[in-house]
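Hydrogens, waters and symmetry mates play no part in the numbers below; they use all other heavy atoms, side chains included.
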Amino acid sequence: MKKLVTTFKVFAALSVLALSSCSDENNEITRQETVQAKVSPEDLKKETTPLPSKIVPETVQVQLDESKKNLEIYLKSDLQIAEVNIIGKISTQKGIDISQSLISDSGQYIALGNIMETSSVKIGKIGDLYTGDDLTTAQKGLKDAITEEVKAGTNVMEITWNSKNGTFSTLCFYNESGIIWDNILGGLVMMDTRANTETSSEIKAAKVVSKWYKQWWTANWLWGSKRGEIGYQITIYYSGLQFPMRM
């Protein structure tokens with residue numbers, strides 16, 4: 001998840017189901033035809049080369065360890081990482097196409113929400129959480145999540161999860177810099193429900209006086225580093241009679 005803007009945008013977009021359309025429809029149709037048959041992680045393994053070590057890079061291990069710790073704190077036994085198995089290094093374009101198909105399959109699991117506000121967390125199969133046009137939009141968003149970052153040479157592992165609904169697994173893509181995408185790690189955030197606030201002093205320009213108020217929240221990845229911000233700002237303008245503004 002190196003490009004924070006890209007992946008945070010995908011998370012936000014999935015949450016409100018407002019994603020942009022594909023920029024190259026012809027290529028997308030061709031690739032969909034390539035992997036239109038049902039595929040599995042076993043098919044992906046055929047398009048990977050073994051890694052010299054079964055140990056993930058230190059940065060990735062730290063991210064996994066910190067994610068485990070925070071999941072235990074906030075979600076308890078509702079969701080925990082049970083096991084991690086390295087698959088290998090993606091070596092072909094077909095491997096990339098299969099990866100996109102696998103993570104967006106309606107039977108794959110995803111998670112959404114803020115683990116610091118457990119009532120907001122949703123975990124389930126894509127096809128159970130979304131239907132109709134919403135399902136199509138969510139699936140496209142998941143494909144877009146890895147389009148820029150997952151290339152030939154990207155590493156992939158399988159994470160097994162224990163949850164209150166049973167055991168399931170997800171594909172996690174990574175490189176030496178860290179985790180790129182996983183349907184669970186990518187959909188959950190840590191965000192303090194207490195907002196940051198700031199109010200300006202009166203700003204005078206000619207005969208117009210203005211004052212603004214803003215409130216925002218900072219979202220972090222499950223391992224603690226900053227992911228992005230969401231918030232709003234209100235600006236009030238008035239002219240004519242001069243009277244003090246209060247907020």
Side-chain angles (χ1 to χ4, degrees), residues 1-15 41 51 53-90 99 103 108-124 141-142 145-146 148-150 154-196 216-231:
M1 298 176 185
K2 185 169 57 178
K3 292 188 176 180
L4 299 184
V5 174
T6 299
T7 46
F8 185 65
K9 181 179 179 182
V10 169
F11 165 74
L14 280 174
S15 298
L51 292 170
S53 172
K54 289 298 183 181
I55 300 175
V56 297
E58 182 179 357
T59 301
V60 175
Q61 188 60 57
V62 169
Q63 291 173 331
L64 290 172
D65 290 343
E66 290 302 310
S67 296
K68 285 182 182 179
K69 185 188 304 182
N70 288 319
L71 286 170
E72 288 173 358
I73 292 173
Y74 296 105
L75 297 187
K76 313 299 183 185
S77 59
D78 285 354
L79 182 67
Q80 293 298 324
I81 295 175
E83 188 179 9
V84 173
N85 290 309
I86 294 176
I87 294 176
K89 185 185 297 290
I90 299 174
S99 297
I103 71 161
Q108 290 297 308
Y109 278 80
I110 57 171
L112 295 171
N114 173 19
I115 67 170
M116 297 177 71
E117 187 178 14
T118 56
S119 62
S120 72
V121 175
K122 294 182 179 181
I123 305 168
L142 289 166
I146 67 170
E148 291 186 22
E149 291 291 329
V150 175
T154 298
N155 301 328
V156 58
M157 59 183 167
E158 188 173 53
I159 299 179
T160 300
W161 301 83
N162 286 333
S163 76
K164 60 181 179 180
N165 297 322
T167 300
F168 61 89
S169 61
T170 57
L171 293 176
C172 180
F173 304 90
Y174 67 97
N175 54 29
E176 292 296 325
S177 300
I179 293 171
I180 297 171
W181 185 258
D182 174 273
N183 281 2
I184 301 298
L185 298 175
L188 296 173
V189 297
M190 294 174 58
M191 186 164 65
D192 195 328
T193 55
R194 295 169 297 180
N196 302 295
W216 73 97
W217 294 261
T218 299
N220 295 325
W221 297 108
L222 292 191
W223 49 85
S225 61
K226 184 177 178 180
R227 179 169 185 169
E229 294 179 344
I230 186 170

State, to 0.1 Å, how close [X] and [Y] come at their nearest heavy-atom pair, and which atoms those are.
X: Glu229; Y: Thr218; answer: OE2-OG1, 3.7 Å
X: Asn70; Y: Met190; answer: ND2-SD, 3.5 Å
X: Gln108; Y: Ser169; answer: OE1-O, 3.9 Å
X: Ile123; Y: Asn165; answer: O-ND2, 4.0 Å
X: Thr59; Y: Ser177; answer: CG2-O, 3.3 Å
X: Met116; Y: Met191; answer: SD-N, 3.6 Å

State the [atom1]-[atom2] distance between [X] and [Y], to the nearest 0.5 angstrom.
X: Ile110; Y: Leu142; atom1: CD1; atom2: CG; value: 6.0 Å
X: Leu222; Y: Gln63; atom1: CG; atom2: CD; value: 10.5 Å
X: Leu71; Y: Leu185; atom1: CG; atom2: CG; value: 7.5 Å

Among Val56, Leu171, Asn85, find the one that has a side-chain contact (heavy atoms from CB on, under 4.5 Å) with Met157.
Val56
Do side-chain atoms of [X] reach the backbone of [Y] as a donor and acceptor pair under 3.5 angstrom?
X: Asn183; Y: Gly186; value: no
X: Gln80; Y: Lys76; value: yes
X: Glu158; Y: Ile87; value: no

Counting only heavy atoms not in Lys164, do more than 12 fall under 6.0 Å of its NZ?
no
Which residues pass the side-chain hydrogen bond (donor to acceptor under 3.5 Å, both in side chains) test with Thr170, not counting sequence neighbours?
Trp161, Asp182
When you compare the side chain of [Y] with that of [X], does any pair of heavy atoms fall below 4.5 Å?
X: Ile159; Y: Leu64; value: yes
X: Leu188; Y: Leu79; value: yes
X: Val156; Y: Ser99; value: no
X: Trp181; Y: Val150; value: no

State which residues pass side chain to side chain contact (heavy atoms under 4.5 Å, CB included) with [X]; sequence neighbours excluded, sorted by chain then number.
X: Ser120; answer: Asn114, Glu117
X: Asn155; answer: Leu51, Lys89, Tyr174
X: Asn162; answer: Ala82, Thr167
X: Asp65; answer: Gln61

Not counting sequence neighbours, which residues clear salt bridge (charged side-chain N to carboxylate O under 4.0 Å, His left out) with Glu66? List them please.
Lys69
Pairing residues for Asp192 by the salt bridge (charged side-chain N to carboxylate O under 4.0 Å, His left out) criterion, not counting sequence neighbours:
Arg194
The ring pair (Phe, Tyr, Trp, His ring centres under 6.0 Å) partners of Tyr74 (sequence neighbours excluded) come to none
